[in-house]
Amino acid sequence: MNYYEFIAEIKKLCDIDLSNYKEKQMKRRIDSLIKRHGYESYDSYLRQLIKSEQHLKEFLGYITINVSEFFRNPAQWQVLEQEIIPELISKKNTLKIWSSACSTGEEPYSLAMLLDKMGLINRVNIIASDIDKEAVEQAKIGVYTSKSISNVPDEMVKTNFLKENDNYVIKDKIKKAVDFKIINLLEDSFPSNCDLILCRNVMIYFTEEAKEKLYKKFYNALSDNGIFFVGSTEQIIMPQKYGFISRKHFFYQKNN
Ligand SMILES: C[S@@+](CC[C@H](N)C(=O)[O-])C[C@H]1O[C@@H](n2cnc3c(N)ncnc32)[C@H](O)[C@@H]1O
């Protein structure tokens with residue numbers, strides 16, 4: 001069995017189409033995992049994945065790469081706080097915000113904490129989703145290490161977390177503001193009428209064709225003049241091709 005046959009079997013097994021992910025990078029990751037576990041071929045590893053739910057979970061966790069942190073790239077969060085959110089909220093009573101690859105929750109909880117600080121928590125609906133069920137379960141629990149909160153200002157740590165031994169537990173007020181879901185960006189339908197969508201540090205794993213498809217889906221998921229916020233290595237090459245105007249680095253506006 002070669003790589004292509006292996007990913008076709010993975011699609012059947014768990015409905016994740018790895019042909020949408022950059023091949024070189026994905027193959028390297030899978031090959032190194034297989035080697036680490038001492039399997040000799042894709043066939044023998046696949047047999048193990050079919051047999052053992054535990055192995056399948058580990059495989060999915062590994063290929064989805066859940067690394068995240070609160071207020072990742074702080075300068076961009078400042079733009080969000082000082083320009084983007086004030087402008088959006090000046091035109092609407094309530095905002096619908098979607099963190100579309102939320103991993104273990106750092107990104108949507110950063111949003112909730114920021115909006116709480118701005119006195120707007122009761123005027124927003126935050127949806128957070130990811131393909132990875134385990135990550136979303138962890139997000140719902142909301143327990144973090146000191147490393148993941150290193151960008152959170154002390155004042156915000158005090159107001160939004162409870163310290164339990166070496167961990168930081170997100171408070172209920174913030175937890176309640178986020179509605180978690182499982183959404184596979186490549187297969188599932190998107191929420192509609194979003195005023196702000198975050199899609200950060202996931203597009204880098206996708207092929208050009210998959211990205212094109214997704215930009216169109218995100219455009220359609222936005223409300224008029226809605227904002228699309230991307231990761232720091234994920235600038236859109238020709239935003240106008242997808243109906244976006246570049247507002248600031250990493251922020252695009254739906255051009256109606
Ligand atoms: C590196 S994390 C990014 C987390 C967060 N957005 C940030 O910037 O810190 C990438 C996330 O994308 C998710 N992901 C990968 N493929 C996906 C897909 N097809 N649909 C939805 N989420 C996906 C992974 O499960 C992972 O949690």
Side-chain angles (χ1 to χ4, degrees), residues 7 10-11 13-23 25-27 29-30 33 56-77 79-80 97-114 126-142 144-145 147-152 170 178-191 194 196-218 221 227-236 249-251:
I7 64 173
I10 293 295
K11 170 101 173 84
L13 192 61
C14 47
D15 206 26
I16 295 182
D17 188 355
L18 294 177
S19 70
N20 286 308
Y21 293 70
K22 284 181 191 153
E23 182 182 322
Q25 208 175 346
M26 186 54 77
K27 184 171 182 307
R29 282 187 76 75
I30 293 176
L33 183 66
L56 184 60
K57 266 190 191 166
E58 184 215 31
F59 173 73
L60 294 177
Y62 182 77
I63 58 166
T64 50
I65 314 167
N66 296 131
V67 184
S68 191
E69 61 192 60
F70 286 89
F71 298 103
R72 192 170 188 171
N73 311 113
Q76 295 162 29
W77 286 83
V79 176
L80 195 64
I97 303 182
W98 177 30
S99 163
S100 72
C102 70
S103 186
T104 40
E106 292 85 341
E107 185 177 277
Y109 288 143
S110 298
L111 279 167
M113 291 191 289
L114 176 66
I126 302 173
I127 302 168
S129 65
D130 200 280
I131 194 174
D132 184 345
K133 295 189 188 79
E134 297 272 309
V136 170
E137 280 315 307
Q138 219 176 305
K140 286 184 188 167
I141 295 168
Y144 298 95
T145 61
K147 187 170 176 281
S148 68
I149 63 157
S150 57
N151 285 335
V152 185
I170 202 100
V178 182
D179 182 15
F180 286 102
K181 296 181 190 305
I182 305 296
I183 297 179
N184 176 352
L185 296 173
L186 298 162
E187 304 284 338
D188 298 335
S189 55
F190 284 6
C194 300
L196 171 65
I197 298 176
L198 288 76
C199 182
R200 307 180 70 221
N201 305 301
V202 59
M203 285 283 204
I204 31 166
Y205 303 116
F206 296 145
T207 61
E208 289 308 311
E209 298 77 58
K211 279 191 221 171
E212 291 220 351
K213 220 166 83 181
L214 284 178
Y215 290 140
K216 290 178 191 154
K217 277 178 90 175
F218 280 120
I227 296 283
F228 184 48
F229 177 15
V230 304
S232 60
T233 55
E234 299 172 316
Q235 273 155 309
I236 308 177
H249 286 322
F250 318 111
F251 292 92

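Note that ligands are numbered from 1 as they come in the structure, with each ligand's atoms numbered from 1 the same way. Keep in mind it's a predicted model, so treat the numbers as computed, not measured.
The cationic group of Lys217 lies under 6.0 Å from the six-membered ring centre of Phe190 and within 45° of the ring axis, placing it in a cation-pi geometry.
Not one N or O of Cys102 is nearer than 3.5 Å to an N or O of ligand 1, by distance alone. The N/O atoms of Asn66, backbone and side chain alike, include one that comes under 3.5 Å of an N/O atom in ligand 1.
Short contacts between ligand 1 and Tyr21, defined as distances under 4.0 Å to a heavy atom of the residue, involve ligand atoms 15 (C), 16 (N), 17 (C), 18 (C), 19 (N). Listed by atom number, the atoms of ligand 1 under 4.0 Å from Ser103 heavy atoms are 4 (C), 27 (O). Close approach of ligand 1 to Glu107 (heavy-atom distance below 4.0 Å) involves ligand atoms 5 (C), 6 (N), 7 (C), 8 (O). Ligand 1 places these atoms under 4.0 Å from at least one heavy atom of Leu186: 19 (N). Every atom of ligand 1 with a heavy atom of Leu185 under 4.0 Å away is listed here by number and element: 18 (C), 19 (N), 20 (N), 21 (C).
For atom 22 (N) of ligand 1, the candidate residues are Asn184, Val136, Leu60, Ile131; the nearest heavy-atom contact is made by Ile131. Nearest to atom 11 (C) of ligand 1 by heavy-atom distance, out of Asp132, Ile183, Asp130, Val230, is Asp130. Nearest-heavy-atom check against atom 2 (S) of ligand 1 across Val202, Asp17, Ile65 picks out Ile65.
Between the side chain of Ser100 and the main chain of Leu198, a donor-acceptor pair closer than 3.5 Å is present. Checked by atom type and distance alone, the side chain of Lys147 never pairs as donor or acceptor with a backbone atom of Glu69 at under 3.5 Å. Asn73 contributes no side-chain N or O that, together with a main-chain N or O of Ala75, makes up a donor-acceptor pair within less than 3.5 Å. Formation of a donor-acceptor pair under 3.5 Å by the Glu234 side chain with backbone atoms of Val202 is found in this model. Checked by atom type and distance alone, the side chain of Ser110 pairs as donor or acceptor with a backbone atom of Phe71 at under 3.5 Å.
Closest to atom 3 (C) of ligand 1, if we only count protein heavy atoms, is Arg200 O, 3.5 Å. What sits closest to atom 4 (C) of ligand 1 on the protein, heavy atoms only, is Ala101 O, 3.3 Å. Given atom 7 (C) of ligand 1, the protein heavy atom at minimum distance is Arg72 NH1, 3.2 Å. Closest protein heavy atom to atom 9 (O) of ligand 1: Ser68 OG, 2.6 Å. Protein heavy atom closest to atom 24 (C) of ligand 1, with residue, atom name and distance, is Thr64 O, 3.1 Å. Considering only non-hydrogen protein atoms, atom 8 (O) of ligand 1 sits nearest to Asn201 ND2, 2.7 Å.
The six-membered or imidazole ring of Phe228 lies away from that of Phe251, with a centre-to-centre distance of 6.0 Å or more. Aromatic ring centres of Phe70 and Tyr109: separated by at least 6.0 Å.
Among the candidates Ile183, Ile182, Thr104, the single residue satisfying the side-chain contact (heavy atoms from CB on, under 4.5 Å) test with Val136 is Ile182.
Between Val230 and Met203, every side-chain heavy-atom pair lies at or beyond the 4.5 Å cut-off.
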